[in-house]
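Just below is one structure, and these are the notes that go with it.
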Number of protein chains: 2
Amino acid sequence: MKRTTIKDVAEAAGVGVATVSRVLSGGSASPETRERVLAVAAHLDYRPSALGRNLRQQRTGGIGLLVPDLTDTLYGRLAEGVLACARSAGEPVVVGSTGDDPEQEAELIGMLLEQSVDRVIAVPSGDAEVWGPAMRAGMTVVFVGEQPEQEPGDDDPLDELLLLDGVRSAPRPDSAIPTVLADDRSGVRTAVQYLKGLGHRRIAYLGGPGHPRRVAAFRQALGPLADEDLIVFAGGSRDSAYAAASSLLQSHRDVTALLAGGNPLGEAAVLASRELGLRIPGDLSLVMYDDVPWAELCSPPLTVIAQPGQDLGYRAAELVLRAGARRPRGVLLPTELIVRGSCGPRP
Amino acid sequence: MKRTTIKDVAEAAGVGVATVSRVLSGGSASPETRERVLAVAAHLDYRPSALGRNLRQQRTGGIGLLVPDLTDTLYGRLAEGVLACARSAGEPVVVGSTGDDPEQEAELIGMLLEQSVDRVIAVPSGDAEVWGPAMRAGMTVVFVGEQPEQEPGDDDPLDELLLLDGVRSAPRPDSAIPTVLADDRSGVRTAVQYLKGLGHRRIAYLGGPGHPRRVAAFRQALGPLADEDLIVFAGGSRDSAYAAASSLLQSHRDVTALLAGGNPLGEAAVLASRELGLRIPGDLSLVMYDDVPWAELCSPPLTVIAQPGQDLGYRAAELVLRAGARRPRGVLLPTELIVRGSCGPRP
DNA sequence: CTGAAAGCGCTAACAA
DNA sequence: TTGTTAGCGCTTTCAG
């Protein structure tokens, strides 16, 4: 099964290959020739091979997407956003799942490098190191949803962003990697204020790997009420999340409110409190990061901080496709506190 | 920023390019030469370009994955399965989201063709037609989770499969596209038996696009109790699912049990019955297709038919990677009825 | 406006 | 065991 090549088309149309190439990429040609070439190409069902083109142009043209886990609906939505944008640009997307593990992330980056995929969107797994090779190779990288690391003490760089048509952005120094983020700070602050307003004083945070900005925002929003003992972290697995939730709730019975910094963490919190006989929101108020369709179906319906998952992906894709052009240093998308039934006044 | 090529390595090592190629792909070479080449390659941080190799070999080596919607956790898990298998084979995965729309599916197939991705795993969106070009181009295709269409009257082809280490499989005629499926028939049958056993007689089915096997199994399992009026289909969107559920429950108040043929459908059913003041399981018993972490957190916890999402993907990837070899015509993975709290005796 | 020809990086035949 | 060489399909000068 031999594939139709440009040469076949050229011969069949009685022109040179260069002419065919020109016609197909919108170059100049006499209307007459153009017509004939197009007709022949259509008739032969000719599809230019990306292989040849890519080799010639030294780039794949596709875009890479690295997320921690497609099972997490947030990343599912994010991926859909990226795919939507990529499709409208006609670009293929190579997807990798890192499991939030820098090692796997590095491996996937290597794979993309090998494929000459020179544009990548990634939810970085924390270790900035692994991106060295990518940068050195001149990859266009856009981070989304996370920042690789936060210089301790360094103030949040995105704070300087300006509000611009509903979204904040600013010119970026060439060194930094553009980043698309949800406004965690504001989301967390709103949630904490809400809980404080309900009278809660012992408010815990249950986090997973990553999301340093959420934790920082949590500490800041809580101010003097913050207690490091009430800030706990689980690993990436569901078991680990459950264990962390359970142990937190068991060893600190005075906790009356909990902010779960992610979806799986929220599930774990519900399960654990149920197991411990804690009633939501009677004994424990719960706010979960990230809205999902089923949050409403839960018992009780979960109050959540919603992130625009799809938008995050779409914007990131826009950014990475606008390579070369003057791009904003970052984009900050709004979050929203959706109040349902999982929070109540302090018991 | 010029990339290091095989030529650079060859020069630096004082050998020919062919030797470098051989060494790097495990061909024969004197230990001495091999050592030197490897050392030089490592020192130069050389990465063979997939572009050159692919063009030469006339294939990309990557694998394509087409799913309806990454937002649906089943497909998220499925994708994770594919990615896991692909990673262990060192293959990149190009992902596309079809939205269950044959047109988009066709477009994505075209894109893969253009990229010379010659191995594809797909959850087909129903129209077998669109796979014509792929087959003609000699693509290795594996279907997963769905079959493109069921010849009406034709008995289920997978029924002939043999049980083989916990999984059924059989040699396939070369014409058919290998397919990895969850055992819908058995899943639906079990669920229907269960509902019948609870005394239900008016059992409805709420389906989305696709899944003809589930519907067929439903009719068959219900036997004389089947009523076409109680078998309704929604489009792909959440709104459409809700509308269908709502209208079904409103116009047939005698329905006491409902089988939701998918996750979004299940959500819709819960929402709609809540809206209509129907209590689950008091007034309506509900079984939902596909288990998800939050089914347990629902109120009440949902009884579900679980599919091994990740396995489906993994097996499909195994199959597509074993191209050329004698492959089974299909794989049938077991489903499981997980009884929780959403079903009760007929009111 | 068009065609001939030179590669892009790699592998596989063929020589040595 | 090695090196030389011929392309894979395409784009892009460079002549005509």
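So you know, we letter chains A, B, ... as the sequences are listed, proteins then strands, and number each from 1.
- B/Gln58 and A/Arg3 are not linked by any side-chain donor-acceptor pair at a separation below 3.5 angstrom, with hydrogens and angles left out of the test.
- B/Leu51 comes within contact range of no nucleotide atom at all, as no heavy-atom separation falls under 4.0 Å.
- Neither OP1 nor OP2 of D/dG9 sits under 4.0 Å from any side-chain N or O of A/Ser49.
- OP1 or OP2 of C/dC1 has not a single side-chain nitrogen or oxygen of A/Thr33 nearer than 4.0 Å.
- With sequence neighbours left out, the salt bridge (charged side-chain N to carboxylate O under 4.0 Å, His left out) criterion links B/Glu103 to no other residue.
- At the phosphate of C/dT2, neither OP1 nor OP2 sits under 4.0 Å from any side-chain N or O atom of A/Thr19.
- Here D/dT11 is the nucleotide among D/dT11, C/dG9, C/dA12 with the atom lying nearest to any side-chain atom of A/Val17.
- Nearest-nucleotide mapping onto DNA chain C: of A/Arg22 and A/Gly52, the residue sitting toward the 5' end is A/Arg22.
- The shortest distance between the side-chain N/O atoms of B/Thr5 and the OP1/OP2 oxygens of C/dG9 is not below 4.0 Å.
- Here D/dT11 is the nucleotide among C/dA12, D/dT11, C/dC10 with the atom lying nearest to any side-chain atom of A/Ile6.
- In this structure, B/Val15 and A/Tyr46 both approach DNA chain D, and ranking their closest nucleotides by distance from the 5' end singles out B/Val15.
- In this entry the distance linking CZ of A/Arg34 with P of C/dC1 reads 9 Å, nearest Å.
- A salt bridge does not link A/Glu80 with A/Arg77: every distance from a Lys NZ or Arg NE/NH1/NH2 to an Asp or Glu carboxylate oxygen is 4.0 Å or more.
- In the set C/dA6, C/dT11, D/dT4, C/dA6 carries the atom at the smallest distance from any side-chain atom of A/Arg56.
- An OP1 or OP2 oxygen of D/dG9 is reached within less than 4.0 angstrom by no side-chain nitrogen or oxygen of A/Arg53.
- Counting any heavy atom pair closer than 4.0 Å across all strands shown, B/Ser30 reaches sugar-phosphate atoms only and no base atom.
- With sequence neighbours excluded, the residues forming a ring-ring contact (aromatic ring centres under 6.0 Å, His included) with B/Phe143 are B/Trp131, listed by chain and number.
- Among the nucleotides C/dG3, D/dT11, D/dC10, the one closest to the side chain of A/Gln57 is D/dT11.
- Taking 4.0 angstrom as the limit, B/Gln58 places a side-chain polar atom (N or O) nearer than this to OP1 or OP2 of D/dG9.
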